[in-house]
Amino acid sequence: SHRLAAVKKFTHTLKSYKVADTMLEHFLSLPSSPGHYTLPQSVLDGMPLFYLPPNQNKPVPSMEGGGEKGDKEYALISFWCHMCSIDLTLWSKWFHSDKIILILGPDSVLPQSILDSSASSSGRFATLLCQVASAKLYSALKVNSTF
């Protein structure tokens, strides 16, 4: 049993080295092609490069068709899709990240018009669209962040 545990640990270590070697090779290929780091206008205008469909853990390109082989978009998507697929347990090994907690609150008193006037007697609020709120948040992050 001790021997089996040692073999399993050795196999796990070899697998870990193989993953690390593959990731390092991938990272080193970044400067080899401007397509890996040149953002298309649609992304600069705020469209995300990838999105996660509901109940899935693999990112899907947001661009129509995911770009054709040979396109600048294809090089960008293929390079960063690999990055987006990194196992979460490996992120800390390859990336520095900080957890930022956002508490969104109004700067001033909310206008009375936020209440739906037709339903104000029932106390119902007007619908606030998540897409609108997230667009405002993404816009603020784009202005105040480096990437």
Side-chain angles (χ1 to χ4, degrees), residues 1-116 124-147:
S1 103
H2 177 67
R3 187 176 191 176
L4 183 61
V7 169
K8 282 184 180 181
K9 185 174 181 179
F10 179 72
T11 304
H12 177 45
T13 302
L14 283 179
K15 214 183 254 187
S16 175
Y17 283 144
K18 184 177 180 183
V19 168
D21 192 43
T22 303
M23 286 304 300
L24 186 58
E25 186 178 354
H26 190 72
F27 287 138
L28 291 175
S29 73
L30 177 66
S32 69
S33 170
H36 291 162
Y37 53 85
T38 304
L39 298 177
Q41 189 60 43
S42 58
V43 173
L44 292 172
D45 291 340
M47 183 174 139
L49 191 57
F50 298 100
Y51 70 95
L52 281 174
N55 302 322
Q56 291 187 17
N57 58 2
K58 186 175 181 188
V60 175
S62 296
M63 293 180 193
E64 200 62 39
E68 299 295 324
K69 199 166 189 153
D71 288 349
K72 291 177 186 176
E73 289 85 5
Y74 181 82
L76 184 73
I77 288 169
S78 62
F79 184 85
W80 291 103
C81 190
H82 188 69
M83 298 297 196
C84 293
S85 302
I86 293 176
D87 182 8
L88 292 178
T89 59
L90 299 176
W91 269 90
S92 62
K93 182 175 184 176
W94 296 106
F95 299 102
H96 170 79
S97 61
D98 292 310
K99 183 177 182 180
I100 299 173
I101 298 173
L102 295 176
I103 299 175
L104 302 177
D107 293 342
S108 59
V109 177
L110 293 173
Q112 187 64 26
S113 62
I114 202 160
L115 289 172
D116 186 3
R124 290 184 56 212
F125 290 91
T127 303
L128 298 177
L129 297 176
C130 182
Q131 292 172 334
V132 174
S134 64
K136 294 286 186 184
L137 175 62
Y138 298 153
S139 175
L141 289 173
K142 184 177 180 182
V143 168
N144 296 302
S145 63
T146 57
F147 185 79

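Both backbone and side-chain heavy atoms feed into the values below; hydrogens, waters and symmetry mates do not. What you see is a predicted model, and the numbers here were worked out from it, not measured in a lab.
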Stepwise, does the side-chain contact (heavy atoms from CB on, under 4.5 Å) test hold for Ser29 with Phe79? CA-CA 9 Å; Ser29 73; Phe79 184 85; 3.5 Å; yes
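Residue Trp80 holds its CH2 atom at 7.5 Å from NE2 of His26, rounded to the nearest 0.5 Å. In this structure, the separation between CE on Met23 and CG on Leu28 is 10.5 Å, given to the nearest 0.5 Å. Of the inter-residue distances, the one linking Thr22 atom OG1 with His82 atom NE2 reads 7.0 Å to the nearest 0.5 angstrom. Between atom CG of residue Leu76 and atom OG1 of residue Thr38 there is a gap of 8.0 Å, rounded to the nearest 0.5 Å.
Tyr51 and Pro53 get closest at one heavy-atom pair: O-CD, 3.5 Å. Taking every heavy atom of both residues into account, Ile77 and Pro61 meet most closely at CG2-CG, 3.7 Å.
Judged purely by atom type and a 3.5 angstrom limit, Ser42 has no side-chain atom pairing as donor or acceptor with the backbone of Met47. Between the side chain of Ser16 and the main chain of His12, no donor-acceptor pair closer than 3.5 Å is present.
Looking at Phe50 and Val60, their side chains never come closer than 4.5 Å, going by heavy atoms from C-beta outward.
Atom CD of Glu25 has 12 or fewer neighbouring heavy atoms from other residues, nucleotides or ligands inside a 6.0 Å radius.
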